[in-house]
Amino acid sequence: MKPSRFFGSQLLDKDTVAAWFFLAPALIFLGIFVLWPIAYLFYLSFTAGSFTSAGTHWVGLKNYLRLLFTSDFWQVIFNTVYFTIATVLPSLVIPLVLAVLLNQNLALRGLLRGAYFLPSIISLVAAGLGFRWLFQNNGPVNGLLETIGIDPIPWLGSTIWAMPVLIILSIWKQLGFNLVVFLAGLQTIPSSRYEAAELDGANAWQQFWHITLPGLQPTIVFAFVTTMIFTLRSFEQVYVITGGGPLNSTNLLVYYIYQEAFGQFDFGYAAAAATVLLAVTLVLVYLQLQTWGEESKKL
């Protein structure tokens, strides 16, 4: 018995060594390009000065306190929350409705699926340039409004209307990805559930409410978190279309971090703002994992 136990432990040791050997490249890559930048970002948020370590000095919580008492930062937080809420909800509801419709036996179903997915593969910079052209003062959108008797709207020059342009672009860009996610989720719901519901006399709305939505719950959680992360890290549309204006009304958190770091060269303060963004993102990921864990236990 002793030799076999010894051999078994030796075999386990060899498997462990082999596992670490094959995992080492990925772990090294993860450490260099993910963990180390996060650690350095956290360190940088407690410093002030130039970007190099020789030019920085420790300031403790000064950058975080400055965030709390800077009106521009809270304006950016308000803009980001407004932009996120107004983007995430339609980015979930519209693709969900379209996915349910395109999951039926409709004519040209494949063509429609491809057309709706197309925005997700277009560069966000190219899409931003297109939207800036569409919503300029003499652009096609205002031209269409004039044809139906509505006065032109200064979309990009208005503190009220500039943000909706960014929101419409973000919803349009995210629609295709979420549509594919929901279509994949619908395939996991057994058709026998719908057949049994029809036999019981359930109408289409009752089937959607009691079968489709519960069956898509893990998918909805995934789409919600990925859309939130996509929205929170929005940068290109602000950079290309509005530059944060007018009057800071479209300045979002990532663009604010970019301005402070590479416009004002205040890397410590920018790192503190980036740490706040990272913390919010990690909380969302944690909630996603917790929800998936609870759903897997139910199943």
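Along the sequence shown, the residues carry numbers beginning at 1.
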Would you confirm whether [X], through its side chain, and [Y], through its main-chain N or O, come within 3.5 Å as a donor-acceptor pair?
X	Y	value
K62	A48	no
N137	P154	no
D200	A202	no

Test log, rule side-chain hydrogen bond (donor to acceptor under 3.5 Å, both in side chains), inputs Q174 and T87: CA-CA 9 Å; Q174 190 69 11; T87 299; over 6 Å; no
Do W161 and F135 pass the ring-ring contact (aromatic ring centres under 6.0 Å, His included) test, and can you show the C-alpha distance, the side-chain angles, and the key distance before you say yes or no? CA-CA 10 Å; W161 294 107; F135 287 92; 10.0 Å; no
Hey, are the side chains of F117 and L179 touching, using non-hydrogen atoms and a 4.5 Å cut-off?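 Side chain of F117 against side chain of L179, heavy atoms only: no contact under 4.5 Å found.
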Do the side chains of L175 and L98 get nearer than 4.5 Å, heavy atoms only? yes
Pair S170, F83 - check side chain to side chain contact (heavy atoms under 4.5 Å, CB included), show working. CA-CA 9 Å; S170 300; F83 173 78; 3.1 Å; yes
Is the centre of the Y40 ring less than 6.0 Å from the centre of the W36 ring?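 Judged by ring-centre distance (under 6.0 Å), Y40 and W36 do meet the cut-off.
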State which residues pass side chain to side chain donor-acceptor pair (under 3.5 Å) with Q75; sequence neighbours excluded, sorted by chain then number.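 In terms of side chain to side chain donor-acceptor pair (under 3.5 Å), with neighbours along the sequence ignored, Q75 is linked to N79.
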For E236, which residues count as a side chain to side chain donor-acceptor pair (under 3.5 Å) partner, sequence neighbours excluded? none
With Y258 as partner, the option from F265, F267, F235 fulfilling ring pair (Phe, Tyr, Trp, His ring centres under 6.0 Å) is F235
Measuring from Q187:CD to T219:OG1, what's the distance to the nearest 0.5 Å?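 Output value for this atom pair is 11.0 Å.
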What is the minimum heavy-atom distance between L252 and V76, and which atoms define it?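 Looks like C-CG1, 3.5 Å.
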Stepwise side chain to side chain contact (heavy atoms under 4.5 Å, CB included) check, L96 with L213: CA-CA 10 Å; L96 178 59; L213 279 184; 4.0 Å; yes
Excluding sequence neighbours, so at least two apart, what forms ring-ring contact (aromatic ring centres under 6.0 Å, His included) with Y64? F46
